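Just so you know, these numbers come straight off a predicted model, no measurement behind them.
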Amino acid sequence: MSDVLYETDGQGVALLTLSRPERRNMWTAQMETQFYDCLDRATADPEARVIVVTGAGDSFVPGLDPQVLTGLTTGAAYTSNRRPQTYATTIPKPIVGAINGACAGIGLVQALMFDYRFAVRGAKFSTAFSKRGLPAEDGSAWMLARLCGPAHAFELLASGRVFLAEEAAELGVIQQLSDPGQVVEDAVAFARGLAANVSPVAMAMIKSQVWRDSESTLEAARVRAQYLLKIAKEQSDFAEGTASLIEKRPPAFPPYPGLNL
């Protein structure tokens with residue numbers, strides 16, 4: 001059975017469900033590979049314009065499976081030919097997190113790589129690394145410092161304490177709170193709004209700019225924006241977006257064409 005379920009809703013949204021309910025969706029190398037494969041599948045799927053990621057049951061990903069962690073302390077390799085934990089940031093379609101419960105360690109790393117995050121009220125978060133004798137893994141310090149500032153990032157990472165979704169929202173770690181049982185519905189509704197109204201080409205370009213411009217200078221970001229603008233004007237999305245404005249109707253954008261951004 002697959003550890004990651006894939007389905008589309010006919011309204012432009014691909015829902016990926018991390019599904020190891022018997023282990024509360026704890027992370028493994030197999031789940032990681034299947035998750036990234038599903039992201040690739042959604043990238044190529046014309047029915048998917050926005051991706052929503054959630055967990056089965058009442059847990060998102062509470063960390064690496066202890067059975068895997070025990071093996072690592074004896075020197076076993078986690079996996080080979082591993083894609084980076086930042087892989088989600090390279091996917092051209094927006095990824096929305098629907099964090100339905102405990103989100104810690106490598107689960108929090110994955111959530112930080114999404115473009116927008118919903119979380120159910122009361123969900124427990126933790127970086128956890130310091131309590132295992134480990135540094136902040138896989139770019140999590142870089143992301144937290146940008147989301148909530150260096151001091152808050154240091155405290156969350158160094159203490160490894162548990163903090164709730166409500167505090168995560170105040171700090172900027174998540175963007176929206178949902179009532180119990182509503183987080184997937186809220187995230188999907190948000191994703192459907194993007195899928196129905198926004199150019200896939202524009203979304204891909206903006207996502208690329210948000211992630212890559214933070215690694216460059218202001219002038220480099222300006223130059224790249226000019227380059228992307230030229231490419232955008234050559235796409236059918238630009239003609240359709242202009243026509244829909246003039247004709248006062250909703251846009252009917254084609255599927256994402258796959259651009260090298």
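Contact of the D40 side chain with the I91 side chain is registered, since non-hydrogen atoms from C-beta on lie closer than 4.5 Å. The shortest distance between side-chain heavy atoms of L259 and M205 falls below 4.5 Å. The shortest distance between side-chain heavy atoms of P257 and V201 falls below 4.5 Å. The side-chain heavy atoms of E166 and L177, taken from C-beta on, include a pair separated by under 4.5 Å. The shortest distance between side-chain heavy atoms of D237 and P200 falls below 4.5 Å. V61 is not listed as a side-chain neighbour of Q110, based on a closest heavy-atom distance of 4.5 Å or more. Side-chain atoms of F253 and S244, non-hydrogen and from C-beta on, never get closer than 4.5 Å to each other.
Of all heavy-atom pairs spanning A88 and M113, the tightest one is CB-O, 3.8 Å. Across all non-hydrogen atoms, the minimal contact from A187 to A98 is CB-CB, 3.8 Å. When all heavy atoms are compared, the tightest approach of A14 to A48 is CB-CB, 3.7 Å. The heavy-atom pair separating S2 from L5 by the smallest distance is O-CD2, 4.2 Å. Between A232 and F238 the shortest heavy-atom distance is O-CB, 3.5 Å. Across C38 and Y6, no two heavy atoms sit closer than the pair O-CE1, 3.7 Å.
For residues 118-129, the salt bridge (Lys or Arg N to Asp or Glu O under 4.0 Å) pairs, not counting sequence neighbours, are R121-D179. Within the structure, every pair that satisfies the ring pair (Phe, Tyr, Trp, His ring centres under 6.0 Å) test and touches residues 165-215, not counting sequence neighbours, is listed here: Y116-F190, F118-F190. Every pair passing side chain to side chain donor-acceptor pair (under 3.5 Å) that includes a residue from residues 217-231 is listed here, sequence neighbours excluded: S208-R224, E219-R222, K230-E234.
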Candidate pair V210 and D115, rule side-chain contact (heavy atoms from CB on, under 4.5 Å), full reasoning: CA-CA 9 Å; V210 166; D115 302 297; over 6 Å; no
Please walk me through it: do Q176 and D186 pass side-chain contact (heavy atoms from CB on, under 4.5 Å)? CA-CA 9 Å; Q176 297 282 351; D186 290 347; over 6 Å; no
Starting from the C-alpha separation in whole Å, work towards a yes-or-no answer on salt bridge (Lys or Arg N to Asp or Glu O under 4.0 Å) for E167 and R161. CA-CA 12 Å; E167 183 180 359; R161 66 178 174 86; 2.6 Å; yes
Working for side-chain contact (heavy atoms from CB on, under 4.5 Å), residues L39 and I95: CA-CA 9 Å; L39 291 181; I95 302 175; 3.9 Å; yes
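A donor-acceptor pair under 3.5 Å is formed between the side chain of T127 and the backbone N or O of L156. Side-chain atoms of Q235 come within 3.5 Å of backbone atoms of I231 as a donor-acceptor pair (strictly under, hydrogens ignored). No donor-acceptor distance shorter than 3.5 angstrom exists from the side chain of E47 to the backbone of G10, with no hydrogens or angles considered. When atom types are taken as modelled, the side chain of N25 and the backbone of F60 share a donor-acceptor pair closer than 3.5 angstrom. Within the 3.5 Å criterion, the main-chain N or O of D3 finds no donor-acceptor partner in the side chain of R20. Judged purely by atom type and a 3.5 angstrom limit, S126 uses its side chain to pair as donor or acceptor with the backbone of G160. The backbone N or O of G57 lies less than 3.5 Å from a partner atom in the side chain of N100, making a donor-acceptor pair. At distances below 3.5 Å, not a single donor-acceptor pair connects side-chain atoms of K93 with backbone N or O atoms of R49.
Put simply, CZ on F163 and SG on C103 are 8.0 Å apart, with the number rounded to the nearest 0.5 Å. Note that the CZ atom of R82 and the OH atom of Y36 stand 7.0 Å from one another [nearest 0.5 Å]. Here F129 contributes atom CZ and L64 contributes atom CG; the two are 10.0 Å apart, rounded to the nearest 0.5 Å. With values rounded to the nearest 0.5 angstrom, Q34 atom CD is found 11.0 Å from L16 atom CG. Atom NZ of K207 and atom CG of L261 lie 11.5 Å apart (nearest 0.5 Å). The CZ atom of R212 sits 7.0 Å away from atom OG1 of T90, with the distance rounded to the nearest 0.5 Å.
Hydrophobic clustering, with ILVMFWY side chains joined whenever heavy atoms are under 4.5 angstrom apart, keeps I99 apart from V183. By the rule that hydrophobic residues join a cluster once side-chain heavy atoms approach within less than 4.5 Å of another member, F35 and V50 end up as members of separate clusters. Grouping the Ile, Leu, Val, Met, Phe, Trp and Tyr side chains by contacts below 4.5 angstrom, directly or via other members, places L147 with W142. When the side chains of ILVMFWY residues are joined at heavy-atom separations under 4.5 Å, either directly or via intervening members, L157 and L112 end up in a single hydrophobic cluster. Grouping the Ile, Leu, Val, Met, Phe, Trp and Tyr side chains by contacts below 4.5 angstrom, directly or via other members, places V52 apart from Y87.
When the salt bridge (Lys or Arg N to Asp or Glu O under 4.0 Å) test is applied to D45, no partner is found at least two apart in sequence or on another chain. When the salt bridge (Lys or Arg N to Asp or Glu O under 4.0 Å) test is applied to R146, no partner is found at least two apart in sequence or on another chain. Scored by the salt bridge (Lys or Arg N to Asp or Glu O under 4.0 Å) test, R192 finds D9 as partners (sequence neighbours excluded).
None of L15, V53, T17, V120 except one satisfies the side-chain contact (heavy atoms from CB on, under 4.5 Å) rule with V184; the exception is L15.
Ionic pairing of E32 and R83 is not present here: no N-O contact between side-chain nitrogen and carboxylate oxygen is shorter than 4.0 angstrom.
Enclosure of atom CG in D58 is not indicated, since only 12 or fewer non-hydrogen atoms of other residues, nucleotides or ligands lie within 6.0 angstrom.
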